[in-house]
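Working notes for the structure below.
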Amino acid sequence: MTSVVTAGGISVTIRGAVVDESETVLDRLVSDGVPGSLTSGNANLWGPDAAPLAARRLGWLGLPEASRSLVGRLADPAGEARDAGLDRVVLAGAGGSALAADAMFRTAGGSAGTELIVLDTSDPHEVSGVLAGDLDRTLVVVAGESVEAESLRRVFGRAFSEAGLGGAELARRFVVVAEEGSALERAALEVGHHLVHAEAGVDARFGALGARGVVAAVLAGVDVTVLLDEASRLAQALRQPYDNPALALGAALGSSALGARDKLVIADHGSGLGGFAAWAEQLVGGATGKDGKGLLPVVVESVDAPGFELTDDLRRVILGRRPDEPGPGREAGVSVAGPLGAQFLLWEYAVAVASRVIGVDPFDEPDVRQSAESTAALLRSEEGAAPTVVRRPPELVSGAVEVHAPEGALRGAQTLTEALDVVLEDVPDGGYLAAIAYLDRVGDAAATGLRPLLAARGAKVRRRPAPVTFGWGPRALHAVGQYHKGGPRNGAFLQVTGAVTDDVPVPGRPYSLGELQLAQAFGDLRVVRSLGRPAVRLHLRDRAEGLAQLAEALA
């Protein structure tokens with residue numbers, strides 16, 4: 001059985017048993033008047049407890065039109081920046097807005113010769129690589145008040161000063177996106193940075209088309225008006241009870257979470273949407289993962305990658321078109337096709353609907369704060385808990401890799417392969433393994449190969465293979481970190497940290513980027529262990545050599 005819902009340039013195709021499951025949920029959503037209520041901004045859709053926050057977080061629904069004036073206001077600053085030769089845009093941010101900007105540039109492209117570099121990291125090696133680039137061409141966009149964005153604002157300010165910039169010339173190298181009345185707004189006004197106000201009713205997780213995501217993309221030459229046009233065409237269908245692809249997708253996601261298929265495995269198959277899967281991952285995991293419920297997004301490399309095989313706890317989603325040759329293992333429950341601007345709005349609407357079906361508040365992030373507070377506590381401590389943990393002897397050392405685990409957790413493993421097998425065996429039945437690498441996304445890009453290797457190895461050593469996710473730290477804290485702490489308590493965690501050979505001090509702060517990164521890693525590790533989750537940390541004494549060893553151990 002197949003159901004195809006098309007409108008506004010978007011096509012959502014649902015196949016097999018999921019058609020009946022989702023149509024039951026869809027009928028209930030329609031009878032409850034959800035399409036009209038959501039597009040009208042009804043904050044009561046997620047229950048009375050969620051209503052006060054929802055009332056302040058539904059501005060994303062109007063962004064396809066509201067952001068047009070923002071794009072117009074940015075035309076002159078963007079032109080002035082290009083005329084001044086500032087065609088290398090660095091976005092210092094975190095969360096969904098940074099991932100949205102990345103997807104915009106990778107999918108739609110910018111002006112000829114422009115660059116958009118997204119820095120949502122505290123890794124000193126990655127930041128050093130950007131600092132070593134052409135600062136004469138660099139314009140920094142600071143979006144939001146995350147500790148990463150604030151630290152990078154200070155780091156780049158010093159770098160520009162050391163390059164001889166000062167006064168108005170230094171000030172114009174920054175564009176700051178901040179809410180009215182915020183500390184970031186005050187800081188920007190004090191030094192004369194160009195200020196763009198973020199919408200008060202839009203957060204970073206929802207609202208990809210808001211100021212936090214759009215500003216950097218526009219300055220890098222992306223024609224955001226095209227994306228807004230794409231979203232506007234879909235917006236016309238969102239009030240409809242039927243022929244509404246966003247409602248159909250929301251019903252499919254919600255019905256999956258209500259049933260046994262609470263892992264959403266996402267594979268791209270010719271969608272043309274560069275970077276979009278990472279944005280969708282943070283939206284699904286962060287919005288739905290709380291109160292012990294949720295959908296775990298599992299982004300895999302392709303429809304042929306380990307982990308995309310159909311099991312009874314997975315719902316498979318293809319971005320793009322289903323592979324031509326169906327066959328066993330190639331059928332997907334859901335496939336979604338359409339342009340980027342419409343996809344942003346489609347998934348925001350669908351996830352808001354799915355959250356109602358699941359029974360969670362999509363806009364609250366109660367567990368994200370746990371890791372942030374744990375990190376802050378480590379940074380405030382006199383000696384710093386991070387150095388204390390580093391000095392604790394590892395449970396196992398193999399070449400360039402140290403294995404840190406609670407005493408006895410490795411059950412006598414003598415080799416790196418045996419230790420990794422224990423990690424995989426400790427994933428609860430029906431659970432998942434989250435691998436998070438606090439490394440350099442450019443210099444240590446080989447770390448992305450750990451996900452398929454762990455998934456393939458898990459299929460060999462476990463009676464029942466478990467989904468494996470991969471994320472970069474600290475990006476993951478703002479992406480699926482909420483799910484890790486607030487979702488179903490069936491996760492296991494493998495954290496990877498690396499030796500720092502080129503640290504970067506943070507001006508005005510008593511710590512460096514390397515110390516901040518380590519505090520974020522240990523802060524998160526402390527939280528997941530306090531929740532009783534299995535968690536092991538691998539520390540790479542030499543990053544390249546350690547990653548090569550891990551690949552060999554998992555082969």
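Here the structure is a predicted model, which is why all the values come from computation and not from measurement. Count residues from 1 along the sequence.
Note: L439 CG to T121 OG1 = 9.0 Å, rounded to the nearest 0.5 Å. Between S97 atom OG and L99 atom CG the span is 8.0 Å, to the nearest 0.5 Å. The CZ atom of R441 lies 4.0 Å from the CD atom of E126; values are rounded to the nearest 0.5 Å. In this structure, CG in D367 is found 12.5 Å from CG in L477, a value given to the nearest 0.5 Å. The CG atom of D312 sits 6.5 Å away from atom CZ of R261, with the distance rounded to the nearest 0.5 Å. To the nearest 0.5 Å, atom CG of residue L310 and atom CZ of residue R315 are 8.5 Å apart.
Nearest heavy-atom pair across G270 and D268 is N-OD1, 3.2 Å. A237 and D243 get closest at one heavy-atom pair: CB-O, 4.1 Å. Between A434 and T469, the shortest heavy-atom distance links the atoms CA-OG1, 3.3 Å. For L91 against A143, the heavy-atom pair with the smallest separation is CD1-CB, 3.9 Å. Between A51 and N44, the shortest heavy-atom distance links the atoms CB-OD1, 3.4 Å. Closest of all the heavy-atom pairs between G93 and A98 is C-CB, 4.3 Å.
A side-chain contact (heavy atoms from CB on, under 4.5 Å) with P467 holds for exactly one of L314, T311, V265; it is L314.
Distance alone, capped at 3.5 Å, is enough to place a donor-acceptor pair between the N244 side chain and the L238 backbone. Here the side chain of E309 pairs a donor or acceptor atom with the backbone of G307 at under 3.5 angstrom. Checked by atom type and distance alone, the side chain of D87 never pairs as donor or acceptor with a backbone atom of V89 at under 3.5 Å. At least one donor-acceptor pair under 3.5 Å links the side chain of S182 to the backbone N or O of E185. Panel note: side chain W46, backbone A43; no donor-acceptor pair is recorded below 3.5 Å. The main-chain N or O of M104 is never found under 3.5 Å from a side-chain atom of T107 such that the two would form a donor-acceptor pair. Without hydrogens or angle criteria, S40 side chain to N42 main chain gives no donor-acceptor distance under 3.5 Å. Between the side chain of S69 and the main chain of A66, a donor-acceptor pair closer than 3.5 Å is present. Judged by distance alone, the side chain of S255 and the main-chain N or O of A252 form a donor-acceptor pair under 3.5 Å. Under the 3.5 Å distance criterion, the side-chain polar atoms of R451 are left unmatched by any main-chain donor or acceptor of G471.
In terms of the ring pair (Phe, Tyr, Trp, His ring centres under 6.0 Å) criterion, Y438 has no residue partners (sequence neighbours excluded). Every side chain to side chain contact (heavy atoms under 4.5 Å, CB included) that S146 has, sequence neighbours left out, goes to A94, E148, A149, H478. When the side chain to side chain contact (heavy atoms under 4.5 Å, CB included) test is applied to D136, the partners found at least two apart in sequence or on another chain are D134. With sequence neighbours excluded, the residues forming a ring pair (Phe, Tyr, Trp, His ring centres under 6.0 Å) with F470 are W472, listed by chain and number. Take D32 and apply the side chain to side chain contact (heavy atoms under 4.5 Å, CB included) test, not counting sequence neighbours, and it matches R28, V34, R356. Applying the ring pair (Phe, Tyr, Trp, His ring centres under 6.0 Å) test to F174 and every residue at least two apart in sequence or in another chain returns F160, H193. With sequence neighbours excluded, the residues satisfying side chain to side chain contact (heavy atoms under 4.5 Å, CB included) with V226 are D223, E230.
Using a 4.5 Å heavy-atom threshold, the side chains of D49 and D361 count as separate. Residues Y242 and L247 are not in side-chain contact: their nearest non-hydrogen atoms beyond the backbone lie 4.5 Å or more apart. Looking at heavy atoms from C-beta onward, E80 lies out of side-chain contact with H194 at the 4.5 angstrom threshold. Counting only heavy atoms from C-beta outward, the side chains of R153 and L184 approach each other to under 4.5 Å. For the pair Y349/L249, no side-chain contact is recorded, criterion being any heavy-atom separation below 4.5 Å from C-beta on. Between S335 and R321, the closest side-chain pair of non-hydrogen atoms is not below 4.5 Å. Looking at L70 and H197, their side chains never come closer than 4.5 Å, going by heavy atoms from C-beta outward. Residues F156 and L131 meet the side-chain proximity criterion, which asks for heavy atoms closer than 4.5 Å.
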Under the criterion side chain to side chain contact (heavy atoms under 4.5 Å, CB included), I'd like the reasoning laid out for V140 against L119: C-alpha separation, chi angles, the key distance, then a yes or no.
CA-CA 10 Å; V140 178; L119 276 183; over 6 Å; no
Can you check side chain to side chain contact (heavy atoms under 4.5 Å, CB included) on W347 and V284, steps first, answer last?
CA-CA 8 Å; W347 283 83; V284 173; 4.1 Å; yes
Using the side chain to side chain contact (heavy atoms under 4.5 Å, CB included) rule, take L63 and F206 through it: C-alpha gap first, then chi angles, then the decisive distance, then the call.
CA-CA 11 Å; L63 289 177; F206 284 80; over 6 Å; no
Can you check side chain to side chain contact (heavy atoms under 4.5 Å, CB included) on S11 and V4, steps first, answer last?
CA-CA 7 Å; S11 176; V4 182; 3.8 Å; yes
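Under the 4.0 Å criterion applied to side-chain N and carboxylate O atoms, D229 and R68 are assigned as salt-bridge partners. In summary, D524 and K485 engage in a salt bridge, as defined by a charged side-chain N under 4.0 Å from a carboxylate O.
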Let me check something: any side-chain donor-acceptor pairs from residues 110-117 under 3.5 Å, sequence neighbours excluded? List them with distances.
unit_1: T114; atom_1: OG1; unit_2: S111; atom_2: N; d: 3.2
unit_1: T114; atom_1: OG1; unit_2: S111; atom_2: O; d: 2.7
unit_1: T114; atom_1: OG1; unit_2: A220; atom_2: O; d: 2.8
unit_1: E115; atom_1: OE2; unit_2: R137; atom_2: NH1; d: 3.3
unit_1: E115; atom_1: OE2; unit_2: R137; atom_2: NH2; d: 3.1

Pair up each side-chain donor or acceptor in residues 207-219 with any protein partner under 3.5 Å, not counting sequence neighbours, and list the distances.
unit_1: R212; atom_1: NH1; unit_2: V202; atom_2: O; d: 2.7
unit_1: R212; atom_1: NH2; unit_2: E179; atom_2: OE2; d: 2.8

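Contacts classified as ring-ring contact (aromatic ring centres under 6.0 Å, His included) and involving residues 64-88 (residues at least two apart or in different chains) are not found. Applying the side-chain hydrogen bond (donor to acceptor under 3.5 Å, both in side chains) test to every pair with at least one member in residues 272-289, sequence neighbours left out, gives these pairs: R205-Q282. The ring-ring contact (aromatic ring centres under 6.0 Å, His included) contacts involving residues 81-113 comprise nothing, where partners must be two or more places apart or lie in separate chains.
Taking the six-membered ring where tryptophan is involved, the planes of Y432 and H484 are essentially parallel, since the angle between them stays under 30° and well short of 60°.
Using a 3.5 Å distance cut-off with no hydrogens or angles, the side chains of R15 and T2 do not pair a donor with an acceptor. Under the 3.5 Å distance criterion, with hydrogens and angles disregarded, a donor-acceptor pair is assigned to the side chains of Q520 and S122.
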